[in-house]
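One structure is given here, and the rest of the page talks about it.
All heavy atoms count here, side chains included; hydrogens, waters and symmetry mates do not. Read the numbers this way: they start at 1 and go in the same order the structure lists the ligands and their atoms.
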Amino acid sequence: MARLHNFSAGPAVLPVSVVEELRDNLLDLNGSGIGLMEISHRSKTYQAVVDGAVARTRRVLGVPDDYTVLFLQGGASLQFYMTALNLLRPGEQADYLVTGTWAQKAIKEAKRIGDAKAIWDDAPNHFKRVPQNGEYTVRDGAVYLHYTSNNTIYGTEYHHRPDAQGHPLVADLSSDIAGVPVDIAAHDLVYAGAQKNLGPSGVTVVILSPWAMSRVPDGLPAMLDYKVHAKDGSMYNTPNCVGIYVIDRVFAWMEANGGLEGAIARNRQKAGTLYGELDRTGFWRPHAEVQSRSVMNVTWRLPDEALEEKFVKEAKAATLDGLKGHRSVGGIRASLYNALGQDSVDALVAFMQEFERKNG
Ligand SMILES: *Cc1c(COP(=O)(O)O)cnc(C)c1O
């Protein structure tokens, strides 16, 4: 079996050792004699998996003890609505930094609940950067400030924590959670679909401060109510059992490989290698402005679309998969998530140099 170099933006590459562990436990979960997809989520064996996943999430990400960790369904896309539904009352204000497609979707859902406002919006500049502190003003009455830490589609990322100007901070961390430094304690609510850095699709990590939990109104529909999910330890209904298992194993893999610090160092190295090639010659046209460049999703254009198509096709033939840019940006996108090795980036850069030599 030949696994390709997988630069997909999500679902994305996972550590081979985790996939092998999953394969074995599909047949027999931790020696229980029952397979992972077949075991009751109410069994002791499975409860230990969830407990382990919560504990590892806390350890690796440095989650404060009084914060709540949940594994929910519906993706980050449901959290766009659920965060507003739980934190905001009709008529109340929430401010958003709109740095890409996912942020646009987040504010759209929040507007269903309250007075959600884009206090910074880079759409006219085609989302080439994120704001620096001081470029926006959070409204006095804003209940929270929401931002998207990494813009998966455009390839931009904050390299500082946005200043919430004294207001609670809410973040969509879907595509760089566990890949870059993060101070969870400085946030009141963060969420992340697992399918970029943490596991398979269909499970979303949500982390809430005591303040966030205290904001949840009574009487919400059960599946949209953080208090209901917290009370039942993410098992109000049948959870994504396989997804939570994989998250636990991915965090265990991180702990065995230098923890969050190790991942950060490897990601910087990988991104440095690729941006080094993008800056080497004018043949490549990087999308993001330099100070906002993402370490997780690297986006660039070629001189014309025909060359871009050729690039993607020939890359695939050279075992480099998933490089076609999102349709809203076009061009090329290489996602360098935690489980992608430096060897894959080296192979990509070697291919790029050869491609430029032939077509430049
Ligand atoms: C992928 C992604 C989403 C969407 O996640 P789903 O789990 O598909 O809903 C939202 N935000 C960001 C930043 C993403 O990268």
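D176 and N197 share no donor-acceptor pair across their side chains, judged by distance under 3.5 Å alone. Looking only at atom types and distance, the side chain of T45 has no donor-acceptor partner in the side chain of S32 under 3.5 Å away. Using modelled atom types and a 3.5 Å distance limit, the side chains of N25 and E21 yield no donor-acceptor pair. Between the side chains of N297 and Y337, at least one donor N or O sits under 3.5 Å from an acceptor N or O.
Protein residues with any heavy atom under 4.0 Å from ligand 1: G75, A76, S77, F80, W102, T148, N150, T152, D172, S174, S175, Q195, K196.
The shortest side-chain heavy-atom distance between V329 and H126 does not fall under the 4.5 Å cut-off.
For D343, there are no salt bridge (charged side-chain N to carboxylate O under 4.0 Å, His left out) partners, not counting sequence neighbours.
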